[in-house]
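Just below is one structure, and these are the notes that go with it.
Remember, it's 1-based here, ligands and their atoms both numbered in the order they're listed.
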Amino acid sequence: MATDDQLTIAVVGLGFGAAFVPIYQSHPSVAEVVICDPDRGRLDAVGAEHGIARRLTDYDEVLADESITAVHLVTPMPIHAEQSIAALAAGKHCACAVPMGMSVREVEAVHAAQRASGRNYMMMETAVYTREFLHLKEITDTGDLGAVQLLRGAHYSNYENWPAWKWYPPMLYATHALAPLLAISGTRVASVRCLGSGRMPARFTEPYGNPFPSETAIFELTGLPYPLAAEVTRTIFATVRQELESFDVYGERLGFEWSRVRGRPGLLHRLEAGAPEHGRHPTVITEELESPDRTESLPADLQPFVRSITGPDGRRRGGGHGGSHPHLVHEFVESIVAGRPPAIDARISAAWTLPGICAHESALAGGAEIPVPQL
Ligand SMILES: NC(=O)c1ccc[n+]([C@@H]2O[C@H](COP(=O)([O-])OP(=O)(O)OC[C@H]3O[C@@H](n4cnc5c(N)ncnc54)[C@H](O)[C@@H]3O)[C@@H](O)[C@H]2O)c1
């Protein structure tokens, strides 16, 4: 049986999940990587590419295998909660792709399962390990921003050509736009008001009965000694825009805006020192903010995965989602080895998932204020 300082990890679901396989294989505290996917073709392709012997088609085999210390679920969203609960109940640590669940009941059940098991649960939120987020966090931690005054997040995508399980209500997958705002400001969401927007093509309303191509929410935040709100927009259908995950944070002395064009540097707005002349606007200096790779906290073998690298077969690997993947893997693995909760534990995962679920409920109720359960 594997010990907690030399882990055997099962990566479950090998679409996006395949990107994590070589990162776990490179981690010094991982002894073996097992892969699981009911799609035999995908399983064998990933197994052959990375030289993996143990390939399982049935998740129940993962659960029953005592040599497996932890699972990383990268499976369809509708089964995240049930698979997480099953992993924790089987005594395994569990990492799961966003979101934690699709209903308040599911999120509460995963949270309860983590507490009952005493094992680690981590929602693998890429948006709080991008190089841009890590850079801004460093700036805000110095206090240079002053008080946070206004927050705005957006995630524009289009899942019309994906399997029908991805045709979810936009706010059910809002964590990439919301989590950075909550993490930077150190706040939680108390309540939400949200409106749906646009004309929904009828064929996308199933399987979730969602009538909205896009949703815009105002989240009322709590945790600071003054009022704070965050505005978040999420589009998934029939709304033309280059795909983008972004967040903006405005403080008393600095403001940061993610570039509206993918791949371009963000903007930093800085208040010029000294009082402006009476009757004039304060001078704001705006400059592009290049965010460097953040590798210093990673083991040497994981550092190359922050950027995409070319493998021996000439294919590009790694580097996705702002270089976040190796950081997520390292945090999950290290939390298990150190016997501490991960940075995004069950309580934080719930605090980042529930507001989107409540936002969609608000949109269905014509923008009614919905309180967000606090776990
Ligand atoms: N930035 C991010 O955090 C990010 C990016 C992409 C996808 N995701 C999330 O990752 C998850 C997977 O998305 P994807 O794009 O890879 O989807 P996908 O459909 O390409 O892949 C899902 C895989 O899971 C497998 N699968 C289905 N049922 C399974 C089961 N019971 N047990 C094991 N495997 C099973 C499928 O065969 C498939 O290979 C989703 O929840 C998605 O939202 C997150």
Side-chain angles (χ1 to χ4, degrees), residues 9-21 23 34-47 49 54-65 68 71-87 90 92 94-102 106-107 110 122-130 132-133 153 155-180 207-208 234 236 243-247 262 318-329 331-332 344 349 352-353 356:
I9 303 263
V11 177
V12 183
L14 299 173
F16 175 44
F20 291 93
V21 170
I23 307 179
V34 177
I35 51 175
C36 172
D37 197 302
D39 181 331
R40 187 84 233 180
R42 268 192 174 177
L43 188 67
D44 285 337
V46 174
E49 179 176 358
R54 288 216 281 159
R55 308 172 190 177
L56 307 175
T57 51
D58 185 348
Y59 183 55
D60 285 342
E61 290 180 74
V62 174
L63 297 175
D65 188 331
I68 295 172
V71 301
H72 180 168
L73 303 170
V74 203
T75 49
M77 196 191 270
I79 57 175
H80 284 182
E82 68 180 65
Q83 288 191 326
S84 299
I85 292 165
K92 303 193 187 308
C94 178
C96 185
V98 301
M100 189 179 193
M102 297 188 73
E106 280 191 356
V107 171
V110 176
M122 177 168 169
M123 186 175 78
M124 302 298 257
E125 177 51 77
T126 47
V128 296
Y129 285 99
T130 61
E132 291 83 356
F133 177 87
H155 182 181
Y156 307 100
S157 54
N158 186 308
Y159 298 148
E160 293 172 13
N161 294 322
W162 294 74
W165 66 261
K166 286 204 176 185
W167 299 347
Y168 26 72
M171 277 291 159
L172 259 54
Y173 187 173
T175 63
H176 295 331
L178 178 64
Y208 303 110
R234 181 77 173 93
I236 291 193
E243 195 178 0
L244 189 77
E245 293 169 20
S246 71
F247 67 82
R262 241 178 41 207
H321 302 98
S324 59
H325 303 172
H327 290 283
L328 287 163
V329 165
E331 173 57 20
F332 180 53
I344 311 172
S349 305
W352 292 354
T353 302

What is the closest protein heavy atom to atom 27 (C) of ligand 1, and at what distance does it sit?
Pro76 CD, 3.5 Å
Does even one non-hydrogen atom of Glu245 get within less than 4.0 Å of ligand 1?
no
Please report which non-hydrogen protein atom sits nearest to atom 40 (C) of ligand 1, along with the residue it belongs to and the distance in Å to one decimal place.
Thr75 O, 3.4 Å
Would the distance check show the side chain of Asp37 and the main-chain N or O of Arg42 forming a donor-acceptor pair, the cut-off being under 3.5 Å?
no
Step by step, would you call Thr353 with Val98 a side chain to side chain contact (heavy atoms under 4.5 Å, CB included)?
CA-CA 8 Å; Thr353 302; Val98 301; over 6 Å; no
Heavy-atom donor-acceptor pair, His80 side chain to Pro99 backbone, under 3.5 Å:
yes
How far is atom 22 (C) of ligand 1 from the closest protein heavy atom, and which atom is that?
Val74 O, 3.9 Å
Taking distance alone, with N or O pairs closer than 3.5 Å, would you say Tyr59 contacts ligand 1?
no
Backbone of Ile35 reached by a side-chain donor or acceptor of Arg55 within 3.5 Å:
no
Supply the atom-to-atom distance Thr75 OG1 to Glu82 CD, rounded to the nearest 0.5 angstrom.
8.5 Å
Identify the closest protein heavy atom to atom 34 (N) of ligand 1: which residue and atom is it, and at what distance?
Pro38 CD, 3.2 Å
Students should be able to answer this: which protein heavy-atom is nearest to atom 23 (C) of ligand 1, and at what distance?
Asp37 OD2, 3.7 Å
Distance filter under 4.0 Å to Arg42 heavy atoms, resulting ligand 1 atoms:
18 (P), 20 (O), 21 (O), 23 (C), 38 (C), 39 (O)
For ligand 1, which atoms have a heavy atom of Gln83 less than 4.0 angstrom away?
30 (C), 31 (N), 32 (N)
Exam field: side chain Trp162 to backbone Trp167, donor-acceptor pair closer than 3.5 Å:
no
What class does the angle between the rings of His325 and His321 fall in, given that below 30° is parallel, 30 to 60° is tilted and above 60° is perpendicular?
tilted
Counting distance only, does the side-chain N/O of Tyr168 pair as donor-acceptor with the main-chain N or O of Tyr173 below 3.5 Å?
no
Closest non-hydrogen protein atom to atom 6 (C) of ligand 1, residue and atom name please, with distance?
Phe16 CD2, 3.5 Å
Looking at ligand 1, does any of its N/O atoms fall within less than 3.5 Å of an N/O of His176?
yes
Atoms of ligand 1 under 4.0 Å from any heavy atom of Ala97, numbered from 1 in the order shown, are 9 (C), 10 (O)
May I ask you to check whether Val12 has an N/O atom sitting below 3.5 Å from an N/O atom of ligand 1?
no
With heavy atoms only and a cut-off of under 4.0 Å, state how Trp165 meets ligand 1: side chain, backbone, both or neither.
side chain
Hey, is CH2 on Trp165 packed in by over 12 heavy atoms from elsewhere, all under 6.0 Å?
yes
Could you walk me through whether Ile344 and Val128 pass the side chain to side chain contact (heavy atoms under 4.5 Å, CB included) test, one step at a time?
CA-CA 10 Å; Ile344 311 172; Val128 296; 3.8 Å; yes
Ligand 1 to Tyr168 polar contact by distance, N or O atoms, under 3.5 Å:
no
Do Phe133 and His327 have ring centroids that are under 6.0 Å from one another?
no
Numbered in order shown, the ligand 1 atoms found under 4.0 Å of a heavy atom of His321 are 1 (N), 5 (C)
among protein heavy atoms, the one nearest atom 15 (O) of ligand 1 is Lys166 NZ, 2.6 Å
Mode of Glu125 contact toward ligand 1 - side chain, backbone, both, neither (heavy atoms, under 4.0 Å)
neither
Under 4.0 Å from a heavy atom of Ile79: give me the atoms of ligand 1 that qualify, with their elements.
28 (N), 29 (C), 30 (C), 31 (N)
Could you state the interatomic distance from NE2 (His72) to CZ (Phe20), rounded to the nearest 0.5 Å?
4.5 Å
